[in-house]
> 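So that we are looking at the same thing, I have put the structure below in structure tokens.
Below, each value reflects all heavy atoms present in this structure, side chains not excepted, and no hydrogens, waters or symmetry copies.
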Amino acid sequence: MSKLSYKTVSANKNTVTKEWVLVDADGQTLGRLASKVAMLIRGKYKPNYTPHVDCGDNVVVINAEKIKLTGKKWTDKSYIRHTGYPGGQRSLTATEMFEKDPTRLIEKAVKGMLPKNILGSALFRNLYVYAGAEHKQTAQSPKLINVNTDLR
């Protein structure tokens with residue numbers, strides 16, 4: 001065997017092949033869907049995955065209004081934020097956040113599974129979530145992926 005066959009290939013932004021992927025959230029469980037979407041955005045399913053490079057795909061999630069939560073999470077799960085002022089802690093339940101904007105549930109779940117650094121911020125910009133079945137990325141002709149069967 002040649003020594004050249006053992007070289008580790010490290011991807012960079014010029015050698016990365018990014019694709020557009022469409023994921024249907026209809027009937028999916030929030031956390032399980034979010035972990036698969038985060039891995040697609042990160043690029044961990046690709047053979048040329050490099051941890052410090054944005055080598056993932058652009059992901060479009062549709063039907064965010066049809067997401068499921070198991071157990072009593074609709075009432076018990078709370079999203080806490082702080083205004084920055086003394087006594088400014090605010091919280092919303094999953095139901096309240098879903099009524100305001102159903103896309104925020106998926107966005108917050110996926111963002112929590114991405115790295116907490118500049119790369120994570122750049123990766124999060126590759127996520128597009130829509131409440132209904134219509135989306136604005138039709139020109140990119142995203143490939144439909146079933147997260148239950150296509151990803152392992």
> To the nearest 0.5 angstrom, please state how far the OG1 atom of T95 sits from the CG atom of L105.
9.0 Å
> Is there any salt bridge (charged side-chain N to carboxylate O under 4.0 Å, His left out) pair reaching into residues 133-148, and which pairs are they, with sequence neighbours excluded?
E19-K143
> List the residues meeting side-chain contact (heavy atoms from CB on, under 4.5 Å) with S35, not counting sequence neighbours, and say none if there are none.
M113
> I need the minimum non-hydrogen distance between V53 and K13, along with the two atoms involved.
CG1-N, 4.2 Å
> According to salt bridge (Lys or Arg N to Asp or Glu O under 4.0 Å), who are the partners of D54, at least two apart in sequence or on a separate chain?
K18
> Please round to the nearest 0.5 Å and tell me the distance separating atom OG of S78 and atom CE of M97.
9.5 Å
> To the nearest 0.5 Å, what is the distance between CD (E96) and OG (S91)?
7.5 Å
> If Ile, Leu, Val, Met, Phe, Trp and Tyr residues are connected whenever their side-chain heavy atoms lie under 4.5 Å apart, and connections chain through other members, are L151 and V61 in the same group?
yes
> Let me check something: do L69 and L33 share a hydrophobic cluster, defined by ILVMFWY side-chain heavy atoms less than 4.5 Å apart, either directly or through other members?
yes
> Can you check whether P51's main-chain N or O pairs, donor with acceptor, with R42's side chain at less than 3.5 Å?
yes
> Side-chain contact, heavy-atom cut-off 4.5 Å: D57 with N126?
no
> Side-chain contact, heavy-atom cut-off 4.5 Å: P102 with I67?
no
> Check side-chain hydrogen bond (donor to acceptor under 3.5 Å, both in side chains) between T15 and all other residues, then give those that pass, not counting sequence neighbours.
N12
> Check side-chain contact (heavy atoms from CB on, under 4.5 Å) between N146 and all other residues, then give those that pass, not counting sequence neighbours.
N148, T149, D150
> What pairs meet the ring-ring contact (aromatic ring centres under 6.0 Å, His included) rule with one or both residues in residues 74-117, with sequence neighbours excluded?
W74-F98
> Applying ring-ring contact (aromatic ring centres under 6.0 Å, His included) as the test, list every pair that has at least one member in residues 99-147; sequence neighbours left out.
W20-Y128
> What is the minimum heavy-atom distance between A133 and N63, and which atoms define it?
N-OD1, 3.4 Å
> Would L127 and L119 show up in the same hydrophobic cluster when neighbours are defined by side-chain heavy atoms closer than 4.5 Å?
yes
> Determine the minimum heavy-atom distance between A25 and I106, stating which atoms define it.
CB-CD1, 4.2 Å
> According to side-chain hydrogen bond (donor to acceptor under 3.5 Å, both in side chains), who are the partners of N48, at least two apart in sequence or on a separate chain?
none
> List the residues meeting salt bridge (Lys or Arg N to Asp or Glu O under 4.0 Å) with K73, not counting sequence neighbours, and say none if there are none.
none
> Rounded to the nearest 0.5 Å, how far apart are CD of Q89 and CZ of R81?
10.5 Å
> According to side-chain hydrogen bond (donor to acceptor under 3.5 Å, both in side chains), who are the partners of N58, at least two apart in sequence or on a separate chain?
none
> In terms of hydrophobic clusters joined by side-chain contacts under 4.5 Å, are L22 and V37 together?
no
> For K66 and D24, indicate whether the former's side chain and the latter's backbone hold a donor-acceptor pair under 3.5 Å.
no
> Of the non-hydrogen atoms in V16 and C55, which two are nearest, and what is the gap between them?
CG1-CA, 3.5 Å
> Grouping I, L, V, M, F, W and Y whenever their side-chain heavy atoms are under 4.5 Å apart, do V60 and V147 come out in a common cluster?
no
> Not counting sequence neighbours, list each pair that qualifies as a salt bridge (charged side-chain N to carboxylate O under 4.0 Å, His left out) and has a residue in residues 104-129.
none
> Locate the shortest heavy-atom distance separating A38 from L114; write the atom from each residue and the value.
O-CD2, 4.0 Å
> For the side chain of T103 and the backbone of V129, is there at least one donor-acceptor N/O pair under 3.5 Å apart?
no
> Can you list the residues that meet the side-chain hydrogen bond (donor to acceptor under 3.5 Å, both in side chains) rule with D26, with sequence neighbours excluded?
none
